Chemist: 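Following this message is one structure expressed as structure tokens.
Any value given below was found using the heavy atoms of this structure, including those in side chains, with hydrogens, waters and symmetry copies removed. Here is how names work: the chains are called A, B, and so on, in the same order as the sequence lines, proteins then strands, and each is numbered from 1. Keep in mind it's a predicted model, so treat the numbers as computed, not measured.
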Protein chains: 2
Amino acid sequence: MREVAALAGVSLKTVSRVINGEPAVSAELASRVRAAIERLDYRHNRAASSLRRSDGKSAAIGLLLEDVANPFSSALHREIENVALRRGVLVFAGSSDEDAARERSLIAEFTSRRVDGLIIVPASHDHSYLLNERRAGTAMVFVDRPAGFLDVDTVLTDNEGGTREGIAHLIAQGHRRIGYLGDLQTIATAAWRYRGYMNELAAQRLEADPRLVRLNLRGIEKAEIAAGELLSTSPPPTALFAGQNLLTIGAYRALRKLNLHKRIALVGFDDFLLADLLEPAITVVAQDAGALGRAAAEQLFRRLDGDRSPSVHEVLSNRLITRGSGEVRP
Amino acid sequence: MREVAALAGVSLKTVSRVINGEPAVSAELASRVRAAIERLDYRHNRAASSLRRSDGKSAAIGLLLEDVANPFSSALHREIENVALRRGVLVFAGSSDEDAARERSLIAEFTSRRVDGLIIVPASHDHSYLLNERRAGTAMVFVDRPAGFLDVDTVLTDNEGGTREGIAHLIAQGHRRIGYLGDLQTIATAAWRYRGYMNELAAQRLEADPRLVRLNLRGIEKAEIAAGELLSTSPPPTALFAGQNLLTIGAYRALRKLNLHKRIALVGFDDFLLADLLEPAITVVAQDAGALGRAAAEQLFRRLDGDRSPSVHEVLSNRLITRGSGEVRP
DNA sequence: TATAAGAATGACAACGTTGTCTTAACCGGT
DNA sequence: ACCGGTTAAGACAACGTTGTCATTCTTATA
């Protein structure tokens, strides 16, 4: 910047003014400065700038996902990027792998780089460690799962309601014995979905058979094995509900292997690519990951724009998409 | 930091020494400093630190992908994150959407934040604009596609060879009329794949029928329409090769709609989730996105560690995975 | 013509760190 | 008691910017 000022024959401060678009610069000097910037291929150093600025904004946010490579996370990521980029804000992304320690260390890395805000899909359950950070002015929004011991903006989907809708759909098709495959119960969304299953059965006065429930399953293979086992209880279930997309795929694999995919109904939570091309196509309770990301990012930027109102808790609804597998009759 | 120094009763510089693990600090002072850091919940400011440090390292890199939400990109992303995080380096991710202007502006945002390095899946074809950046010391690696007008480290997969293997496989099954669906020819990988198709046909002395080729297709729907049209030429192809995963899905959709999925062979470039559960399961030429990411990140860090040797061009091979759709006989 | 008000510009300090250099304290050997 | 050498600690400047304030110049008004 010093060199630019020298070449343009102006002071450092004038260059700074031109770069920041401050009005009090004559057209003459401004164009001289711009020419010098061009000629020297000068690049503004935002790190230094944000260090000195009074608002201290770095124009970067941190995004903590379960895994940047999973489709739900990356759809969220994409929408957040869209909202952020429109404002010239860049996104640091990191994967927690459902590991509380990794969550903390990633967030520490984010904050040590002085991000303006954090969007968090939490893996842990106690977020009091973020209190200081918040007091220091970092905006934050929790997405998909709630924060623990921290009063903070949150955007969720209606996990319990969505599951109840899926279960009610199966019951309406005549099913009475519905198996359930669930993810780690420590994940709040998984617990809510399981609650939805239990509550809907109860509401419809159906007895819940504990032999038809398998929880704490992680990944396609575990789900496939568990589904296989469920299908061999007697009497067997006539329908399965899978509480997450990988579990749905695992369940479908098991059904295919036993050649039961046209005889046992299947409804899954979370939509996934190609669900419509399987045989039968899979009925799902679809979350709109993009909408979730958009809502979270917009809430974050509202805070960054100075909104100091009490914490907002938004809940997006989910949609049952019937495609065939959920309409198989007992 | 000043407050920490005051509380511990030492100078600023001593606190800095403790934080950076410099040896010349007595155990006594070091522990007093650490206690003060704890008590004041002090957080090191890396932005200021990297501004002052002689090496100027920000411990952040920029990653330009086609779209953070597409499975290939996000698998790449994940492996890069793994390598980077092991060294305490954070990743800014951005999506170019195949738009050259967006590529440039994202890279400008990255560099204005003084990232230490860039990993780029390029959308544009002229990267001479990066010359200054490189001269300024930013490390960079191109992945999946080559750079234009810039001599730089690159990690690719063998697109032409992979395609030839796929086509050879179809020919070996007895196919003589093989349709081809290709992505935008401006994308280098798409052009290479098409070349692989043409060259393999030529090598096996088969005539290429231009009516069986559809290029510049973007997305599932365009591919589905194009595949439908190809299948109605006369005489029709007995096999299709799709040059990209979305095109493969589109082609499969078309085959299903015409109920030809068990009579016309299909091989696709790029593996995708659930390819093995379709009916028939899809034979593909699989790229290992994770390996690509790992190789790129490792090369980048080699440069950041001071490697000044001439540009490296690495080419990873692809693997034909036979699952059924490619083994349908004419 | 004198003067106040406003606009354009620059000098300087400061943001939170680390590199460099200096000083102080201590050690063992004569 | 003195020396050279080592080690620990601090003073100060600097990284590349922007906020604050002072200065100069212009213009309109009395």
Side-chain angles (χ1 to χ4, degrees), chain A residues 1-34 36-37 40-60 88 109 111-116 133 136-138, chain B residues 1-34 36-37 40-60 88 108-109 111-116 132-133 136-138:
Chain A
M1 187 153 146
R2 201 161 39 215
E3 290 175 38
V4 171
L7 180 61
V10 299
S11 77
L12 250 177
K13 179 70 223 204
T14 299
V15 177
S16 167
R17 276 195 260 258
V18 171
I19 288 166
N20 291 289
E22 291 174 36
V25 181
S26 69
E28 145 90 36
L29 286 197
S31 74
R32 244 160 59 202
V33 167
R34 267 187 284 268
I37 286 175
L40 297 175
D41 191 48
Y42 162 84
R43 304 298 178 75
H44 190 56
N45 185 332
R46 278 187 116 103
S49 164
S50 86
L51 179 61
R52 186 57 178 87
R53 302 196 100 89
S54 49
D55 63 5
K57 290 276 181 284
S58 59
E109 293 284 349
T111 56
S112 86
R113 283 169 183 79
R114 295 298 186 269
V115 293
D116 300 333
E133 211 45 61
T138 310
Chain B
M1 188 151 144
R2 200 163 38 218
E3 290 175 39
V4 171
L7 179 61
V10 299
S11 78
L12 249 177
K13 180 69 225 204
T14 300
V15 177
S16 167
R17 276 196 260 259
V18 171
I19 288 167
N20 290 290
E22 291 174 34
V25 182
S26 68
E28 144 89 37
L29 286 197
S31 74
R32 243 159 62 201
V33 168
R34 267 188 285 267
I37 286 175
L40 296 175
D41 191 49
Y42 161 85
R43 305 298 179 74
H44 191 56
N45 186 332
R46 278 186 114 103
S49 165
S50 86
L51 180 60
R52 187 54 179 89
R53 302 195 100 90
S54 47
D55 63 5
K57 290 275 179 287
S58 58
E109 293 285 348
T111 56
S112 86
R113 285 169 183 78
R114 295 297 186 269
V115 293
D116 300 333
N132 287 317
E133 211 46 61
T138 310

Chemist: Do B:Arg46 and B:Ser50 meet the criterion of a side-chain donor-acceptor pair at a distance under 3.5 Å?
Modeler: no
Chemist: Is the backbone N or O of B:Ala48 less than 3.5 Å from a side-chain atom of B:Arg52, with the two atoms forming a donor-acceptor pair by type?
Modeler: no
Chemist: Could you say whether B:Ser11 or B:Arg114 is positioned toward the 5' end of DNA chain D, judged by the nucleotide with the nearest heavy atom to each?
Modeler: B:Ser11
Chemist: Whole-Å distance between D:dG16 C1' and A:Glu3 CD?
Modeler: 12 Å
Chemist: For B:Leu7 and B:Leu40, which heavy atoms make the closest approach, and how far apart are they?
Modeler: CD2-CG, 3.9 Å
Chemist: Taking atom C1' of C:dT17 as reference, at what distance in whole Å does atom CD1 of B:Ile37 sit?
Modeler: 13 Å
Chemist: Looking for any heavy atom pair under 4.0 Å, which part of the strands does A:Ala24 touch: base, sugar-phosphate only, or nothing?
Modeler: base
Chemist: For the helix from C:dT1-D:dA30 to C:dT30-D:dA1, what angle lies between the axis at the first five pairs and the axis at the last five pairs, to 10 degrees?
Modeler: 50°
Chemist: Any chance you could list the contact pattern along nucleotides 18-27 of chain C? Use B for base contacts, S for sugar-phosphate-only contacts and - for none, protein heavy atoms under 4.0 Å, 5' to 3'.
Modeler: BBB-------
Chemist: Please report the C-alpha distance between B:Ile37 and B:Ile19 in whole Å, then the side-chain angles of each, then the deciding distance to 0.1 Å, and finally whether the side-chain contact (heavy atoms from CB on, under 4.5 Å) criterion is met.
Modeler: CA-CA 10 Å; B:Ile37 286 175; B:Ile19 288 167; 4.1 Å; yes
Chemist: Mark yes when over 12 heavy atoms from residues, nucleotides or ligands other than B:Glu3 sit less than 6.0 Å from its CD; otherwise mark no.
Modeler: no
Chemist: Starting at atom CG of A:Asn45, determine the distance to atom C1' of C:dG16, rounded to an integer number of angstrom.
Modeler: 14 Å
Chemist: According to side-chain contact (heavy atoms from CB on, under 4.5 Å), who are the partners of B:Arg114, at least two apart in sequence or on a separate chain?
Modeler: A:Arg43, A:Asn45
Chemist: Closest heavy-atom contact between B:Arg34 and B:Val18?
Modeler: NH1-CG1, 3.9 Å
Chemist: For C:dG10, take OP1 and OP2 only and decide whether either is under 4.0 Å from a side-chain N or O of A:Thr14.
Modeler: yes
Chemist: Look only at the side chain of B:Arg32 and the backbone of B:Ala8, and say whether a donor-acceptor pair between them is shorter than 3.5 Å.
Modeler: yes
Chemist: Nearest whole Å is fine: how far is D:dC15 C1' from A:Leu51 CG?
Modeler: 9 Å
Chemist: side-chain contact (heavy atoms from CB on, under 4.5 Å) for A:Asn20 and A:Arg53? Distances and angles first, verdict last.
Modeler: CA-CA 11 Å; A:Asn20 291 289; A:Arg53 302 196 100 89; 3.5 Å; yes
Chemist: For A:Glu28 and D:dT26, give me the distance from atom CD to atom P, rounded to whole Å.
Modeler: 13 Å
Chemist: D:dA11 P sits how many Å from B:Arg2 CZ, rounded?
Modeler: 13 Å
